[in-house]
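Data block below; observations after.
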Amino acid sequence: QVHLVESGGGSVQAGGSLRLSCVVSGYTYSSNCMAWFRQAPGKEREGVAAMPIGGGGTYYSDSVKGRFTISQDFAKKMVYLHMNNLTPEDTAMYYCAASEQSCWGDILGQYRYNYWGQGTQVAVSS
């Protein structure tokens, strides 16, 4: 069983930055795909970034490409989401997710992810 705990959310003004962290515990292969999702009120959950927990290629949604960076520390079982140049449209609950599969196919599709954290709130004011 994989257990995920996010932290690092908060309130920031537009143009600011935040770093989200996700602690991963439980049984994981280094090739397991890890991702960050977000969900704003009244909107569907959106995958924004993904990568293998052991490192490798990174994948981003068009809405965050060039502003967000996903990274990991496999030894520490940590996954991060570095968010720069935030806008009010980035306001959402952010979730860390883990897949039992490697990063292939619909990498940012929520249904391929088996484990989810409880979320951390990000609020960006204009």
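Please read these numbers as outputs of a predicted model, since none were measured by experiment.
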Exercise for review: Would you please say whether a donor-acceptor pair under 3.5 Å links the side chains of Ser17 and His82?
Suggested key: no

Check your understanding: What heavy-atom pair brings Phe37 and Ala35 nearest, and what distance separates the two atoms?
Key -> CE1-CB, 3.6 Å

Study note, to complete from the structure: Of all heavy-atom pairs linking Ala50 and Tyr113, the shortest is CB-OH, 3.8 Å

**Study point:** Minimum heavy-atom distance between Ser126 and Pro88, given as atom pair plus value
**Key:** CB-CG, 3.9 Å

Review point. Would you say Leu108 and Val48 make side-chain contact, with heavy atoms under 4.5 Å?
Key: no

Point to revise | Side-chain touch Met78/Val23, heavy atoms, less than 4.5 angstrom | key: yes

Point to revise | Steps toward side-chain contact (heavy atoms from CB on, under 4.5 Å) verdict (Ser25, Lys77) | key: CA-CA 7 Å; Ser25 60; Lys77 291 293 180 69; over 6 Å; no

Check your understanding: Using the ring of each side chain (for Trp, its six-membered ring), is Trp116 parallel, tilted or perpendicular to Tyr95, with breaks at 30° and 60°?
Key -> perpendicular

Point to revise | Distance (rounded to the nearest 0.5 Å) between Ser99 OG and Gln110 CD | key: 13.0 Å

Review point. Is a side-chain donor or acceptor of Asn32 paired with a backbone partner of Ser102 at a separation under 3.5 angstrom?
Key: no

Check your understanding: When rounded to the nearest 0.5 angstrom, what is the spacing between CD in Gln121 and CG in Leu20?
Key -> 10.5 Å

Exercise for review: Return yes if a side-chain donor-acceptor contact under 3.5 Å exists between Glu6 and Ser21, otherwise no.
Suggested key: no

Exercise for review: Kindly check if the number of other-residue, nucleotide or ligand heavy atoms within 6.0 Å of CD (Gln13) is above 12?
Suggested key: no

**Study point:** Side-chain donor-acceptor pair present, Arg19, Tyr80, cut-off under 3.5 Å
**Key:** no

Check your understanding: Of the options Val12, Thr91, Val64, which is the one that meets Leu86 in a side chain to side chain contact (heavy atoms under 4.5 Å, CB included)?
Key -> Val12

Check your understanding: Within 45° of the ring axis of Phe68 and under 6.0 Å from its six-membered ring centre, is that where the NZ or CZ of Lys65 lies?
Key -> no

**Study point:** Distance (rounded to the nearest 0.5 Å) between Thr69 OG1 and Met51 CE
**Key:** 10.5 Å

Check your understanding: Going by heavy atoms in the side chains, are Pro52 and Cys103 under 4.5 Å from each other?
Key -> yes

Point to revise | Met83 and Arg67, any side-chain heavy atoms less than 4.5 Å apart | key: no

Exercise for review: State, with a plain yes or no, whether a side-chain heavy atom of Trp104 is found less than 4.5 Å away from one of Arg112.
Suggested key: yes

Revision key, fill the gap. Looking only at heavy atoms, the pair that brings Met93 and Gly119 closest together is SD-C, 3.7 Å

Review point. Does the side chain of His3 come within less than 4.5 Å of Tyr115's, by heavy atoms?
Key: no

Review point. How many angstroms lie between SG in Cys22 and CE in Met34, if you round to the nearest 0.5 Å?
Key: 5.0 Å

Review point. Is it true that Leu81 and Val5 fall in one hydrophobic cluster, defined by side-chain heavy atoms closer than 4.5 Å?
Key: no

Exercise for review: Taking all heavy atoms of Ile53 and all of Val79, pick out the closest pair and write down the distance.
Suggested key: CG1-CG2, 4.4 Å

Point to revise | Heavy-atom pair with the smallest gap, counting every atom of Gly8 and Thr120 | key: N-OG1, 4.1 Å

**Study point:** Spacing of Ile107 atom CD1 and Gln101 atom CD [to the nearest 0.5 Å]
**Key:** 11.0 Å

Practice item. Report the distance from atom CG of Leu18 to atom CG of Asn84, rounding to the nearest 0.5 Å. Key: 9.5 Å

